[in-house]
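Have a look at the structure below, then the notes.
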There are 2 protein chains.
Amino acid sequence: MINAAGREIPTSIQGYKNIIPYASPFATHPVADARKAGPKLKAIYPGTNKLLQSIEEAIEASGLRDGMTISFHHALRNGDYVMNAVIKAIAQKGIRGLTLAPSSFLDTNDELIPYFQQGVLVSAQTSGLRNKLGQFLTTNKIGTPTILRTHGGRVRAIESGELKIDVAFIAAPACDTYGNINGVDGPAACGSMGYAMVDARMADTVVAITDNLVDHPICPVSIPQHQVDFIVKIDCIGDPKGISTGALRLTSNPRDLQIAKLAAKVIERGGYFKEGFGMQLGAGAASVATGKYLRDVMIRDKVAASFAIGGIVGPFCDLLDEGLIRTLFDVQSFDARTIQSIRDNPRHQEYDCTFYANPWNKGPMVNKLDYVVLGATEVDVNFNVNVMTDSNGIMMGALGGHPDASAGAKCTIIVAPLLRGRLPMVTDAVQTISTPGETVDVIVTDRGVAINPKRSDLIENLKGSGLPLMTIEQLRDMAYELGGKPEPLKISDEIVAVVEYRDGTVLDVVKRPLL
Amino acid sequence: MINAAGREIPTSIQGYKNIIPYASPFATHPVADARKAGPKLKAIYPGTNKLLQSIEEAIEASGLRDGMTISFHHALRNGDYVMNAVIKAIAQKGIRGLTLAPSSFLDTNDELIPYFQQGVLVSAQTSGLRNKLGQFLTTNKIGTPTILRTHGGRVRAIESGELKIDVAFIAAPACDTYGNINGVDGPAACGSMGYAMVDARMADTVVAITDNLVDHPICPVSIPQHQVDFIVKIDCIGDPKGISTGALRLTSNPRDLQIAKLAAKVIERGGYFKEGFGMQLGAGAASVATGKYLRDVMIRDKVAASFAIGGIVGPFCDLLDEGLIRTLFDVQSFDARTIQSIRDNPRHQEYDCTFYANPWNKGPMVNKLDYVVLGATEVDVNFNVNVMTDSNGIMMGALGGHPDASAGAKCTIIVAPLLRGRLPMVTDAVQTISTPGETVDVIVTDRGVAINPKRSDLIENLKGSGLPLMTIEQLRDMAYELGGKPEPLKISDEIVAVVEYRDGTVLDVVKRPLL
């Protein structure tokens, strides 16, 4: 069958739930009278000691068995030591057949490949895949397709009971002796615990793994003791250098700066740039740089934002301090500046991922966005965006909050160079749809800006703005002229991953490329 | 049948669930493999307007129907205008047969009596009952017995699915236009929203009622927008004078001060008075005054508490500021000083009632108490405490967190005068058991101190302390000598209320007194 994004979707996929094809951004609702899932009810009485001596002991205590589902959070990014260490210990115990459902994978998780090969891990559910693990899961059949979910879609799956986490292992930058956790203290401080907060609340068993065990009770508390079963102290949960890998200095790349300047102009003139607007800027170079130009306009016009959301980066904290943003909601803190800010500034609020982006609650923050600026690996003439597969069809990106923010925002702006190397970034059809075109409003490239034709209001507002406006087809033609039209990829029929839209419908599938 | 507290419990009670008799404080566990209940899954998409024009409109939008269960929180105490106003509006709509399950009732809720008489309300579940409403529910048969639950027991009932809230109406001192709520801003600021946080998370439909509607988004957020369906702005949600009714100045009553001095000595010498101890003091005069004497000892001995919990009062905030308490966890803020402190001091942490006291999670704060000091209406020779019925057998008190803290604390100290007027407060058997004697360690009266004989460690520690130690029987004898042995109450066989222990077992029943 063909779904509403124009993709051919099989009627069933081995090892995947019953397929509902993607219909439109808000067409697919919770089943009538469905209730939120709940973890096992447990009682822990006074005197119970939650402290265990080792990861091995915690695995035993957790009751982990063959075939279960385990989770991790990715707030330590490439600095995380916990996921690899726990899975190594699980493998040594002879446990097999696990589904691994972290909030995302990063480069450092290449070490997991052998455990997929050995059958310790048989299935992955994630927002992102990178590097060799991405390549491995795109090119090797591991039995079940990888499920790719947005940040909001993952919470939806958890809260609706589709993704049931048996054991959550939570890397804890600070943890007290009764299990209260925060992310702001300790050598591996990561800032917001926004992803882990969901897992702690919903998993049947929760194991905190910390290198910074402190006296009870901690302050502030991000994850409360009453959600945590066991605590293990290890020497080191992560490398601060890797945690701040995302530490985003302002780019000096002139192409990125040009794109950012154009995107800031789209914001200024798009119709929503008013006192109290809400915004999200992605963590890519051009998105972050957009904030720099926007700041100038905000100061000039005396316009402050009521909030900013998304993964938070240092420049946003500066805007908060300057009074140009009233409050930040932070689900992931990308750099040291942000980690310091969420610790010290009460207007920098930690919140969890259901609050950020879950489409099936009574209103996530993405619903209140006026503008979001996000990157893309490629876009197409239907405004579809791909952030998931590269030019060889290999999974190397992350859905993240991209589709969530795009659906929620009044105006979604995609920033991308027209070409990367000699590869056109605006094409007839993206290889993989990660964000459907009907939720994308403006494509900003270094060579021109295209507005989704359904947004006649934006087209009207941006007339006379000095922006190099053109049709998306003109952008594509320019890209093809400069880079040449790319050859279609040779792809097998074998489905290696399912791209779920945030509502759990199937937006696209990833098939194994023929090498 | 006779339960483990020695009370005769019927094998079934009309209108009440299957009875499990009270066994012992930690004997009754969640059913194997039971899961936490969850509210209905709902999705609210961008552009949805949650603002309604009136309480009437909100009642309609909520889908409230005959026979449903509704809830309110009591953080505005006697200043609350919301519960009475909503129920009046419900009655005017002709809706009937509702179960009313607030976190507690206060004096101001006497206005609800007609709605019970008319059958708008047919059942009550609460922590406390006062005044004429307490009298009414003790002396009139309304069809189903009132269920009396501890603060922790109420959350247990909600989270285990025993108490399913269809619609929660939440008085919101500050609410933004998308439903984010806090209790620290606005004319009816009440401080912590600790009780309401549970209802917002667990009710199928949540209506915020505010007199302080502010721009989105609020900061800080105590109850998040994604839990709130509808918002109604009214002129006034409450009277600040009533909200701070509990405003607790230090008593000058010499008997209370004498009791407090003895209680402070018990703490000092009991064996747990060490750097980092945890404590709760009740909100009664003698309990609060205990803090005053304890402060002197803490300064003298350079001992600071790691935390204090419970309903928080101003003197605790002073101790926090002085560094004598490291952090406060606040489920209910009793006075203006406390409301200001929770707003401004990041070490004064808001937390919800599951975190405070729910026996069926992975560890509430009460589990970590070293000392709790609590009041009593009467105690008996088995150390049982009654805080629920008066000398006429009328319900006029609240279980509150009393049984929760008593179960959790290493040392539970009850403070009470030996006589009130001419009535002995230490008796052969309390009229109603609200806290079982096996969780009570020390009874402190103005005339003497009795230690539970099973606590040989405390008896040993308190030897030579200068405290007027005696047996509980000696205390009773002295009370009887001074006040005369009270005549047994004349009581009918008609059960008007069930006193649930925090684990949902039946600890006692309240029968209608014969007048």
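A note on names: the letters A, B, ... follow the listed sequences, proteins ahead of strands, and every chain is numbered from 1. Hydrogens, waters and symmetry mates are skipped; everything else that's a heavy atom, side chains included, is used.
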Is there a side-chain contact between B:Phe329 and A:Pro217 (heavy atoms, below 4.5 Å)?
-> yes
Side chain, backbone, both or neither: which part of A:Leu369 has a non-hydrogen atom closer than 4.5 Å to chain B?
-> neither
side-chain contact (heavy atoms from CB on, under 4.5 Å) partners for B:Asp321, two or more places apart = B:Arg337, B:Asn345
Within 6.0 angstrom of B:Lys274 NZ, more than 12 heavy atoms from elsewhere = no
Taking side chain as C-beta onward, heavy atoms only, is B:Pro346 less than 4.5 Å from A:Pro220?
-> no
Non-hydrogen atoms of chain A under 4.5 Å away: do they reach the side chain of B:Gln349, the backbone, both or neither?
-> side chain
Chain B contact via A:Lys410 - side chain, backbone, both or neither, heavy atoms under 4.5 Å | neither
Residues B:Lys368, A:His216; criterion side chain to side chain contact (heavy atoms under 4.5 Å, CB included); working and verdict | CA-CA 9 Å; B:Lys368 299 298 282 182; A:His216 179 270; 3.5 Å; yes
Would you call the rings of A:Tyr45 and B:His29 parallel, tilted or perpendicular, where under 30° means parallel and over 60° means perpendicular?
-> perpendicular
Out of B:Thr327, B:Asp229, B:Asp215, which one racks up the most heavy-atom pairs below 4.5 Å with chain A?
-> B:Asp229
List the atom of A:Ile44, the atom of B:Asn367, and the distance in Å for their closest heavy-atom pair.
-> O-ND2, 2.8 Å
Around A:Ile20, counting heavy atoms of other residues, nucleotides and ligands shown, do more than 12 lie under 6.0 Å from its CD1?
-> no
Portion of B:Val206 that has a non-hydrogen atom of chain A nearer than 4.5 angstrom | both
Which distance, rounded to the nearest 0.5 Å, do you find between the CG of A:Asp176 and the CZ of B:Phe307?
-> 10.0 Å
What part of A:Pro46 is in contact with chain B, defined as an atom under 4.5 angstrom from a non-hydrogen atom: side chain, backbone, both or neither?
-> both
Taking the side chain as C-beta and beyond, is there a heavy-atom pair between A:His226 and B:Asn358 under 4.5 Å?
-> no
Part of A:Val366 lying under 4.5 Å from any heavy atom of chain B = neither
Most contact-rich option vs chain B, by heavy-atom pairs under 4.5 angstrom, among A:Gly47, A:Ala409, A:Ser306, is A:Ser306
Can you measure from CE (B:Met365) to CG (A:Asn180) and round to the nearest 0.5 angstrom?
-> 7.0 Å
By a 4.5 Å heavy-atom criterion (distance strictly below it), what part of A:Ala407 contacts chain B: side chain, backbone, both, or neither?
-> backbone
Give me the contact list for residues 31-42 of chain A versus chain B, heavy atoms only, anything under 4.5 Å, ordered by residue number.
-> A:Asp33, A:Ala34, A:Arg35, A:Lys36, A:Gly38, A:Pro39, A:Lys40, A:Leu41, A:Lys42
Is it the backbone or the side chain of B:Arg156 that comes under 4.5 Å from a heavy atom of chain A, or both, or neither?
-> neither
For residues A:Ala43 and B:Pro359, report the shortest heavy-atom separation together with the two atoms involved.
-> CB-O, 3.5 Å
Most heavy-atom pairs under 4.5 angstrom with chain B, which of A:Asp503, A:Asp204, A:Thr354?
-> A:Asp204
Could you tell me which of B:Gln225, B:Lys50, B:Gln227 has the largest number of non-hydrogen atom pairs under 4.5 Å with chain A?
-> B:Gln225
Can you measure from OH (B:Tyr178) to NZ (A:Lys362) and round to the nearest 0.5 angstrom?
-> 12.0 Å
